[in-house]
Structures are given as structure tokens and as C-alpha cells.
J.: 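Here it is, the structure in full.
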Amino acid sequence: MSLVPFDDRDGWIWLDGRFVPWREAKVHVLTHGLHYASSVFEGERMYGGEIFKLTEHTERLFKSAEILDFEIPYTVAEIDEACKATAAKNGLSDCYVRPIAWRGSEMIGVSAQQTRIHVAIAVWDWPSYFDPALKAKGIRLTWAKYNRPDPKTAPVAAKAAGLYMICTISKHAAEKDGYTDAMMLDYRGYVAEATGANVFFVKDGVLHTPKPDCFLDGITRRTVIEIAKGQGVEVVERHIEKEELAGFSECFIVGTAAEVTPVAEIGEFTFTPGKLSLGLMDAYAALVRREEVVPA
């Protein structure tokens, strides 16, 4: 299967308020966001012509920019409309949506207060983050080399590009060893998250999930908690020791890209996708496709 580079595709990208032919959406090599990771982004999915929790994602984009000390030169409503317009311009009703904001090339030092803030939105067809056959039986994860950092050392509440460096390293290492992904611990040694998704565990019909005090409290994570509670399932948010994984029967990860994906293995620990994991996977799929409403 040949790889189609993302810079050589047909279509349109929304860039700084106007549509630009896909191949012409470029930045300079001395862009501050490239050198110093002064960039924030979102990952969203459109299902059947509607972007799931669009405004919530856009508001997080603006909050991330604020944390990185820059201001996006548009309103939340304008970015919402631009996301929808970009999908329409490209003729897509089911797609992945990627808004991104970054500091430009006016300054190239650590201090870059006079750089222009750019915003782009791209959309593309992305049916499933993980192979559907793997999802059905549960994916295999190994342990990541790097831990999620202390909130005193990094802006962990922002969906900032620089925070994903250790995720890329960890996922590459996992794939080289035959795994699908890697599970990260936090700076204290507690279970944190996968490289791009939050994690849940099941024990005696109760959901347990790491407390998001040093990594993103994902929008999909919050949605799954809402679905579970609506079904009468108890959800416990707490610090989880690595050794506790031996006592959990099921495990799954969640995220905009991953959606709800059962896990069969994390390092030395094994799980069996069961009623709760598979049920939440189906319930989430039905919700985002507007086949049912999350119970109150």
C-alpha cells in the first residue's frame, strides 16, 4: 500500500480566514511553531454532517492557546463555522477535523511576543484509528519509556503540540515491538493514558479511570463517563497503581480518533473485552451518529 503524503492531496484547507488549495497551504521553515512548539490543536470527528461536540473542542483550542500565552484572532463561533465550512468545501460528511493555531515566523527566539498567530483547519477521511478486526478482539499495548510530566514542569492542561513528542517516541517503539500502542505512567508512577487516548478499567461491574490531574481530561473521556453513569454504571476516578491492573477484568481506551477501543493486553497484564467494554463501544458509536441520546 503506497503512502499518500499529507502535503500532496486534492482539496482545500482553511488558512487564516480563506480557503487555500491543499498543496498551497504552506508555512516558512523559520516558523516559530516548528522550532519551539508554540502550537495548539484539536482533533474532531464529523459524523453524518455534524462535528461531535464541536464548540467544546473549539473552546478547548482557545484555552490551550491562552495557556501557551497567545490569542487566537477569531471568535469561537467563527472557528466553529470555519470547521463546518471546510468539511463542506471538501465534500465530506464523515471525516476527521484538525484545527491548529501557531506562532508565525516574525521572530525566531524563545521570546516571540510579536509573532502573528495563524490558524488552519484541514479535514480528511479517516474511518478508524485502529484496525476494526483488532478492535473486536482488543488491542495490545506495551509500557511507554517516558512518563507524563508533573504539572509544575509542563502546561499539561493544554492540547499543545510539544506534549506529544513523547507520545510519538513511545508509539513508534511500541509498533517496532509488535504492539499497537503504549500505556504511559505519570510522573508519580500511576497509570496515566495511552499515547493519544484516555483509559478505563473494569472490576466487578465498576469503571475505574485515572484522575486527569497531569494529562488532558478528554472530551471523549467525559462523554463515556456520562454514558456509563446514564446506564447506572458506577464510575470511580482515582489514582491507579500499575500493580492493580492484575485485578481488572476489562480495559478500553477512548479518544476522538480511537473512539472506544477494547484492550486485550498492557505489558504483562491481560484483559478480555466483555459486556461493559463492548456495550460502551456500541453506545458511543450510536451517540455520535445520533442514533440515541445519552440518558440524563
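Here the structure is a predicted model, which means the values were calculated and not measured.
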J.: Going from OG1 on T195 to CD1 on I166, what distance comes out if it is rounded to the nearest 0.5 angstrom?
T.: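 Spacing of OG1 (T195) from CD1 (I166) equals 10.0 Å.
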J.: Just wondering, do T153 and Y187 contact through their side chains at under 4.5 Å, heavy atoms?
T.: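 They are not in side-chain contact.
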J.: Could you tell me if the side chain of K145 sits less than 4.5 Å from the side chain of I169, heavy atoms only?
T.: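 Not in contact.
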J.: Rounded to the nearest 0.5 Å, what separation is found between the OG1 atom of T142 and the NZ atom of K171?
T.: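 Separation between the atoms: 12.0 Å.
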J.: Just how far is it from atom CZ of R290 to atom CD of E50, taken to the nearest 0.5 Å?
T.: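 Taking CZ in R290 and CD in E50, the distance rounds to 4.5 Å.
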J.: Which atoms form the tightest heavy-atom contact between A283 and Q231, and what is the distance?
T.: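 Scanning both residues completely, I find the closest heavy atoms to be CB-NE2, 3.8 Å.
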J.: Test side chain to side chain contact (heavy atoms under 4.5 Å, CB included) on C83 and E81 and set out the steps.
T.: CA-CA 5 Å; C83 287; E81 288 305 311; over 6 Å; no
J.: Donor-acceptor pair, distance only, cut-off 3.5 Å: does the side chain of H28 make one with the backbone of E106?
T.: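 Not at all, since once roles are kept as given, no pair shorter than 3.5 Å links the two residues.
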J.: For E66, enumerate each residue passing the side chain to side chain donor-acceptor pair (under 3.5 Å) test, keeping only those at least two apart in sequence or located in another chain.
T.: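 Scan of E66 (side chain to side chain donor-acceptor pair (under 3.5 Å), adjacent residues dropped) gives none.
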J.: If you round to the nearest 0.5 Å, how far is CG of L185 from CD of E193?
T.: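 The distance works out to 11.0 Å.
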J.: If we ignore hydrogens and angles and just use 3.5 Å, is the side chain of N198 paired with the main-chain N or O of L216 as donor and acceptor?
T.: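 Pair found, side chain donor or acceptor close to backbone of L216.
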J.: Taking R45 for its side chain and A257 for its backbone only, find out whether a donor-acceptor pair lies under 3.5 Å.
T.: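 Yes, R45 side chain to A257 backbone: donor-acceptor pair under 3.5 Å.
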J.: For I108, does its backbone N or O pair with a side-chain atom of Y36 as donor and acceptor, under 3.5 Å?
T.: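 The answer is yes, because a donor-acceptor pair under 3.5 Å joins these two groups.
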J.: Would you confirm whether S64, through its side chain, and K159, through its main-chain N or O, come within 3.5 Å as a donor-acceptor pair?
T.: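 A pair under 3.5 Å: yes.
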J.: Can you get from I225 to L287 by hopping between Ile, Leu, Val, Met, Phe, Trp and Tyr side chains that sit under 4.5 Å apart?
T.: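 Same hydrophobic cluster.
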J.: Side-chain contact test, heavy atoms from C-beta onward, threshold under 4.5 Å: evaluate it for T55 versus E59 and give yes or no.
T.: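 Yes, close enough: below the 4.5 Å cut-off.
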J.: Do any side-chain atoms of residues 248-255 form donor-acceptor pairs under 3.5 angstrom with protein atoms, and if so which ones, sequence neighbours left out?
T.:
unit_1	atom_1	unit_2	atom_2	d
S249	OG	V202	O	3.3
E250	OE1	G274	N	3.2
E250	OE1	S277	N	2.9
E250	OE1	S277	OG	2.6

J.: Please, which pairs that meet ring pair (Phe, Tyr, Trp, His ring centres under 6.0 Å) have at least one residue in residues 143-179, sequence neighbours excluded?
T.: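 For residues 143-179, and leaving out neighbouring residues, the ring pair (Phe, Tyr, Trp, His ring centres under 6.0 Å) pairs sorted by first residue read F41-Y164.
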J.: Answer whether the closest heavy-atom distance between the side chains of E78 and P73 falls below 4.5 Å.
T.: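 Not in contact.
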J.: If the threshold is 4.0 Å, N to carboxylate O, is there a salt bridge linking D7 and R23?
T.: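 No, this pair does not count.
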J.: Check which hydrophobic residues are tied to V119 through side-chain heavy-atom contacts below 4.5 Å, counting indirect links as well, and list them.
T.: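 Reading the cluster by chain and number, V119 sits alongside W12, W14, F19, V40, M46, I51, L54, L61, F62, I67, L68, F70, I72, Y74, V76, I79, L92, V97, I117, I121, V123.
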J.: Mind running side chain to side chain contact (heavy atoms under 4.5 Å, CB included) on I13 and E24 for me, showing each step along the way?
T.: CA-CA 9 Å; I13 289 176; E24 296 176 21; over 6 Å; no
J.: Between L141 and E265, does the side chain to side chain contact (heavy atoms under 4.5 Å, CB included) criterion hold? Intermediate values first, please.
T.: CA-CA 6 Å; L141 282 73; E265 179 182 329; over 6 Å; no
J.: Looking at every heavy atom in both T220 and T256, which two are closest together, and how far apart are they?
T.: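 Residues T220 and T256, closest heavy atoms: OG1-N, 3.1 Å.
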J.: Pick from R238, E237, E244: which one makes a side-chain hydrogen bond (donor to acceptor under 3.5 Å, both in side chains) with H208?
T.: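 The option that passes is R238.
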J.: Report the C-alpha separation of R103 and S38 in whole Å, then their side-chain angles, then the decisive distance to 0.1 Å, and conclude whether the side chain to side chain donor-acceptor pair (under 3.5 Å) test is met.
T.: CA-CA 6 Å; R103 288 188 180 276; S38 52; 4.8 Å; no
J.: According to ring pair (Phe, Tyr, Trp, His ring centres under 6.0 Å), does anything in residues 87-120 pair up with another residue at least two apart or in another chain? List the pairs.
T.: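 Non-adjacent pairs meeting ring pair (Phe, Tyr, Trp, His ring centres under 6.0 Å): Y96-W124, Y96-W126, W102-H118.
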J.: Is P99 close to E44 at the side-chain level, that is, under 4.5 Å between some pair of heavy atoms?
T.: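 A side-chain contact under 4.5 Å exists here.
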J.: Indicate, with yes or no, if M107 and V110 share a hydrophobic cluster defined by side-chain heavy-atom contacts under 4.5 Å among Ile, Leu, Val, Met, Phe, Trp and Tyr.
T.: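 Looking at the clustering, M107 is in a separate group from V110.
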J.: Is D80 salt-bridged to K84, going by a charged N under 4.0 Å from an acidic O?
T.: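 Result for this pair is no, no salt bridge flagged.
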J.: Are R60 and E42 close enough for a salt bridge, meaning some N to O gap below 4.0 Å?
T.: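 Here R60 pairs with E42 in a salt bridge, since their nearest N and O are under 4.0 Å apart.
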J.: Listing request: all ring pair (Phe, Tyr, Trp, His ring centres under 6.0 Å) pairs with a residue in residues 209-233, at least two apart in sequence or in separate chains.
T.: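 Counting only pairs at least two positions apart or across chains, no ring pair (Phe, Tyr, Trp, His ring centres under 6.0 Å) contact touches residues 209-233.
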J.: So, using salt bridge (Lys or Arg N to Asp or Glu O under 4.0 Å) as the criterion, who are the partners of E241 when residues are at least two apart?
T.: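 Once residues adjacent in sequence are excluded, E241 has no partner under the salt bridge (Lys or Arg N to Asp or Glu O under 4.0 Å) criterion.
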J.: I need the D10 CG to N90 CG distance, nearest 0.5 Å.
T.: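 D10 CG to N90 CG: 10.0 Å, rounded to 0.5 Å.
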J.: Examine distances only and state if a side-chain atom of D186 and a backbone atom of G189 form a donor-acceptor pair shorter than 3.5 Å.
T.: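 Pair found, side chain donor or acceptor close to backbone of G189.
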J.: For F201 and L207: C-alpha separation, side-chain torsions, deciding distance, then whether side chain to side chain contact (heavy atoms under 4.5 Å, CB included) applies.
T.: CA-CA 6 Å; F201 300 96; L207 276 182; over 6 Å; no
J.: Considering non-hydrogen atoms only, spot the tightest contact between T223 and I219 and give its length.
T.: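 That closest heavy-atom pairing would be OG1-O, 2.8 Å.
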J.: So if you build clusters from Ile, Leu, Val, Met, Phe, Trp, Tyr with side-chain heavy-atom gaps below 4.5 Å, do Y284 and V235 land together?
T.: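 As far as the 4.5 Å side-chain criterion goes, V235 and Y284 are connected within one cluster.
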J.: Determine whether more than 12 heavy atoms belonging to other residues, nucleotides or ligands lie under 6.0 Å from atom CD of E268.
T.: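 Yes, enclosed.
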J.: Hey, is CG on D204 packed in by over 12 heavy atoms from elsewhere, all under 6.0 Å?
T.: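 Open: at most 12 neighbouring heavy atoms sit under 6.0 Å from CG of D204.
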J.: Please check: side-chain N/O of R140 versus main-chain N/O of A264, any donor-acceptor pairing under 3.5 Å?
T.: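 A pair under 3.5 Å: no.
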J.: Kindly give the cluster partners of V156, where membership spreads through any ILVMFWY side chain lying under 4.5 Å from a current member.
T.: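 Direct or chained contacts put V156 with none.
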J.: I need the S170 OG to M184 CE distance, nearest 0.5 Å.
T.: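 Here the rounded value is 4.5 Å.
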J.: Please go through V236's hydrophobic cluster and name the other residues, only I, L, V, M, F, W, Y counting, with side-chain heavy atoms under 4.5 Å joining them.
T.: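 Joined to V236, directly or through intermediates: V206.
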J.: Tell me the closest heavy-atom pair linking G43 and H57, and the distance in Å.
T.: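 What the structure gives for the nearest pair is O-CE1, 3.1 Å.
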J.: Is there a side-chain contact between M281 and P262, using heavy atoms and a 4.5 Å cut-off?
T.: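 The answer is yes, as the side chains (C-beta and beyond) meet within the 4.5 Å cut-off.
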J.: Can you list everything that forms a side chain to side chain contact (heavy atoms under 4.5 Å, CB included) with H239? Sequence neighbours excluded, please.
T.: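 Applying side chain to side chain contact (heavy atoms under 4.5 Å, CB included) to H239 gives R188, Y190, K211, D213.
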J.: Following the transitive rule for hydrophobic clusters with a side-chain heavy-atom cut-off under 4.5 Å over Ile, Leu, Val, Met, Phe, Trp and Tyr, establish whether V260 and L276 coincide in one cluster.
T.: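 Hydrophobic grouping puts V260 with L276.
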J.: So which residues get pulled into L34's cluster when ILVMFWY side chains under 4.5 Å apart are joined, directly or through others?
T.: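 Under the 4.5 Å side-chain rule, L34 groups with nothing.
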J.: Are R116 and D16 ion-paired here, with the side-chain N under 4.0 Å from a carboxylate O?
T.: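 Counted as a salt bridge, because a side-chain N and a carboxylate O are separated by less than 4.0 Å.
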J.: According to side chain to side chain contact (heavy atoms under 4.5 Å, CB included), who are the partners of D94, at least two apart in sequence or on a separate chain?
T.: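 If we apply the side chain to side chain contact (heavy atoms under 4.5 Å, CB included) test to D94, skipping adjacent residues, the hits are Y47.
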